[in-house]
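Letters A, B, ... are given to chains in the order of the sequence lines, protein chains preceding strands, and every chain is numbered from 1.
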Protein chains: 2
Amino acid sequence: MNIGQASRASGVSPKMIRHYESIGLMPPAQRRDSGYRDYGTADLHRLGFIRHARDLGFSLDRIRVLLGLWGDPGRSNADVKAIANAHVAELELRARQLNEMADALRSLADACDGDGRPDCPIITSLETGMAVPACHPDTPEGATEPLIPRTKAGADR
Amino acid sequence: MNIGQASRASGVSPKMIRHYESIGLMPPAQRRDSGYRDYGTADLHRLGFIRHARDLGFSLDRIRVLLGLWGDPGRSNADVKAIANAHVAELELRARQLNEMADALRSLADACDGDGRPDCPIITSLETGMAVPACHPDTPEGATEPLIPRTKAGADR
DNA sequence: GTTGACCTTACCACAGTGGGAAGGTTCACA
DNA sequence: TGTGAACCTTCCCACTGTGGTAAGGTCAAC
């Protein structure tokens, strides 16, 4: 089976299949006399595993570990679960950060008339780093606060 | 003012300040006789703007546009608002994708005993690309479904 | 035999940030 | 006046994960 066929069967681009081989995620492929790579069902299986893991957002480095556990008959599912849980936590953290940004920016955009004048609270906030001053239900009168609370996201850049 | 002082005052690393200059986000800095860059309040102001925009997740390319609007007295806040809204939509999309991944993986991890045996639904799912079969409140009896519904995220990789 | 689809390797690109090397400057302190 | 620490300069390389593209070889159908 060609790399192109393996690609269509696995949903991994030929480019990436070669890349995965070059970084050792995939074993060196069998070669035909022509030099063409030749893939079998075991390879397809492995490519599928990698792809599913990528779809769940695992980094290639973590996938390397997962592949190791997959192939280890004496593995402990506790190890797998620990990796999965760590990854879930990371995904949730990143999602939270993105949502914080979206919330902050949405409230800025909501405060902007968009009526064609130059006057713009979004620009003002970017200048000053402060959130829109008023009309915040849960903010004390006229108080301003940092756009994004300086916790994790971008705190020390 | 040195690049180091500008860095501390703006929260942008010296490395990044130079980078922003090299790609034209910052104008070429004034130089002292020694060749050291010299920054004034206008530069600090601009660095702050960039940093706040970065904190909101804007790409450097979009920041370039925002800086242009910032410096344009005849700008329309509708333009700014449009950029902001587009960015909010992107942030939300990415956050949603991450949450989908997290949800899928969390349910896999929940289905894993983690009792030290090799047996592991997470690994099985990565092999087959299917979600855990049972115990899904809103899933018909024994039905299995793709781990991540093939919509946008990673559909065509 | 020709043609088109496919394969090979090898390099470059992206975004955004960090690391480090090799060398020059500034400034305080002895 | 010398010295050392802390700073600055430019230049190159690294990372992640993916895509592009170029120059060339192969395969299969017609």
Of all of residues 15-31 of chain A, which get a heavy atom below 4.0 angstrom from DNA chain D, listed by number? A:Lys15, A:Met16, A:His19, A:Tyr20
Separation of B:Arg32 atom CZ from C:dG24 atom C1', in whole Å? 14 Å
Identify whether the distance between the nearest side-chain nitrogen and carboxylate oxygen of B:Arg117 and B:Asp113 falls below 4.0 Å. yes
OP1, OP2 of C:dT26 versus side-chain N and O of B:Ser34: anything below 4.0 Å? yes
OP1 or OP2 of C:dT17 less than 4.0 angstrom from a side-chain nitrogen or oxygen of B:Arg54, does that happen here? yes
How many Å lie between CG on B:Asp55 and P on C:dG16, as a whole number? 13 Å
State the CG-OH distance between B:Leu44 and B:Tyr39, to the nearest 0.5 angstrom. 10.0 Å
What is the distance from CG of B:Asp61 to P of C:dA15, rounded to the nearest Å? 6 Å
Can you tell me how far the CD atom of B:Glu21 sits from the CE atom of B:Met16, to the nearest 0.5 Å? 13.0 Å
Check the distance between C:dG16's C1' and A:Arg94's CZ and give it to me in whole angstrom. 15 Å
Could you tabulate the donor-acceptor pairs under 3.5 Å formed by side-chain atoms of residues 24-35 of chain A, not counting sequence neighbours?
from	atom 1	to	atom 2	distance (Å)
A:Arg31	NH1	A:Gly35	O	2.8
A:Arg32	NH2	A:Asn2	OD1	2.6
A:Ser34	OG	A:Tyr36	N	3.3

Are B:Asn77 and A:Asp115 close enough, and set up right, to give a side chain to side chain donor-acceptor pair (under 3.5 Å), and what steps lead you there? CA-CA 7 Å; B:Asn77 54 13; A:Asp115 55 4; 3.0 Å; yes
Rounded distance (Å) that lies between atom P of C:dC14 and atom CZ of B:Arg64: 12 Å
Side-chain ion pair, A:Arg51 and A:Asp55, N-O less than 4.0 Å: yes
May I ask you to say whether A:Asp61 pairs ionically with A:Arg64, meaning some side-chain N is under 4.0 Å from a carboxylate O? yes
For A:His45 and A:Trp70, take the angle between the two ring planes, folded into 0 to 90°, and tell me which bin it lands in: parallel under 30, tilted 30 to 60, perpendicular over 60. perpendicular
Taking only N/O atoms, report every protein-nucleotides 4-6 of chain C pair under 3.5 Å with atom names and distance.
from	atom 1	to	atom 2	distance (Å)
C:dC6	O2	A:Tyr36	OH	3.3

Does this structure show an ion pair linking B:Glu90 with B:Arg62, if we count only N-O contacts that are shorter than 4.0 Å? yes
Taking CD1 from A:Ile50 and P from D:dT16, how many angstroms apart are they, rounded to a whole number? 15 Å
Ignoring backbone atoms, establish whether B:Arg37 has a side-chain N or O less than 4.0 Å from OP1 or OP2 of D:dC8. no
